[in-house]
Amino acid sequence: MRLRPDTTPALPLAADLTAPILPGEFYLQPTLRVARALLGKILVHRRRGSITAGRIVEVEAYRGPGDRAAHTAGGRRTARNEVMWGPAGRLYVYFTYGMHHCCNVVTRAAGVPEAVLVRALEPVAGVPLMRRRRRVRAELPAAALTRGPGNLCRAMGIDRRCDGNDLRAGAVVILDAPRMRSTAILASPRIGVAYAGSDALLPWRFFLRDSLAVSGPRRVEPPR
DNA sequence: ATTTAGATCCTCT
DNA sequence: GAGGATCTAAATG
């Protein structure tokens, strides 16, 4: 008697945690390119001998002064978004809705305030620690631990102490991984930016078609 | 399957 | 004083 082959993707996923850290130049590329290229890369947080890591499966691009959905819309420069105005390759972490943190990767040269919001990961390492940080029931699937920007920050232990973290040398780094095929990537409008007028329709959310960890609608661009 | 309400507090006007 | 780059549970069709 033969067992049916198991086609369920194994989570946590196997990933190369010895891969090189992404070089600083990676983050100088155009923001939409960085957003797509980040899919599949590994976000790692090492702290006090503990480690949590996840494969990036969903992101959103935010493009500076001209993008009404961005924190830097219209050239606003404040204490909160200061890191977005700085050099590429830093982590921009902010607190929102009274209870959640969101983390972004800053792109482009200093003075060009653009960033990529990380919206979902697939757990790669440190799942027990993620469960403790999330305080979820034991049966919750691993993929749900890091689904959504607020959830992934809690699971990864990322908060405002990480704001400004240098992604080449800080406690939080991003490791290189093979580039995803473009056919594995879908796009849609960004989530939660209805206040941005016509910019809310821009298809600047990118996600891996086959990932179980993607948050929100797995819809491709709707007709305009 | 989709909608709603409530939690909760920092940031900027 | 208002509202948010969110999340969850509960209610509803």
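Computed from heavy atoms alone, side chains included, the values below leave out hydrogens, waters and symmetry copies. We name chains A, B, ... by the order of the sequence lines, and we start the count at 1 in each one.
For A:Glu60, the salt bridge (charged side-chain N to carboxylate O under 4.0 Å, His left out) test picks out A:Arg119, with sequence neighbours left out. Residues satisfying the side-chain contact (heavy atoms from CB on, under 4.5 Å) criterion with A:Arg33, sequence neighbours excluded, are A:Gln29, A:Pro30. Taking A:Arg77 as the reference, A:Glu82 meet the side-chain hydrogen bond (donor to acceptor under 3.5 Å, both in side chains) condition, with sequence neighbours excluded. For the side-chain contact (heavy atoms from CB on, under 4.5 Å) test, residues two or more places apart in sequence or in another chain that qualify with A:Arg209 are A:Leu186. Every residue two or more places apart in sequence or in another chain was checked for a side-chain hydrogen bond (donor to acceptor under 3.5 Å, both in side chains) with A:Arg135, and none qualifies. With sequence neighbours excluded, the residues forming a side-chain contact (heavy atoms from CB on, under 4.5 Å) with A:Ala53 are A:Leu17, A:Ile42, A:Val44, A:Val124, A:Ala125, listed by chain and number. In this view, A:Asp67 and A:Arg190 satisfy the side-chain hydrogen bond (donor to acceptor under 3.5 Å, both in side chains) rule, not counting sequence neighbours. Here A:Thr52 pairs with A:Arg133 under the side-chain hydrogen bond (donor to acceptor under 3.5 Å, both in side chains) rule; sequence neighbours left out.
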Please tabulate, one pair per line, all N/O donor-acceptor pairs under 3.5 Å involving side-chain atoms of residues 193-204 of chain A, not counting sequence neighbours.
from, atom 1, to, atom 2, distance (Å)
A:Tyr195, OH, A:Ala69, O, 3.0
A:Asp199, OD2, A:Arg68, N, 2.8

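Among the protein residues, A:Arg160 comes within range of the sugar-phosphate backbone only, with heavy atoms under 4.0 Å from sugar or phosphate atoms but none that close to a base.
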Please tabulate the protein-to-nucleotide N/O contacts below 3.5 Å involving nucleotides 2-5 of chain B, giving atom names and distances.
none

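Between the CG atom of A:Asn81 and the C1' atom of B:dC10 there is a distance of 14 Å, given to the nearest Å.
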Once base and sugar-phosphate atoms are separated, protein heavy atoms under 4.0 Å mark nucleotides 2-11 of chain C, 5' to 3', with B, S and - as --BBBSS---
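Side-chain contact, A:Arg205 with A:Ser188: a donor N or O sits under 3.5 Å from an acceptor N or O.
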Intra- and inter-strand pairs of DNA chain B in dot-bracket (Watson-Crick or G-U wobble, both distances under 3.5 Å; | for another strand): |||||||.||||.
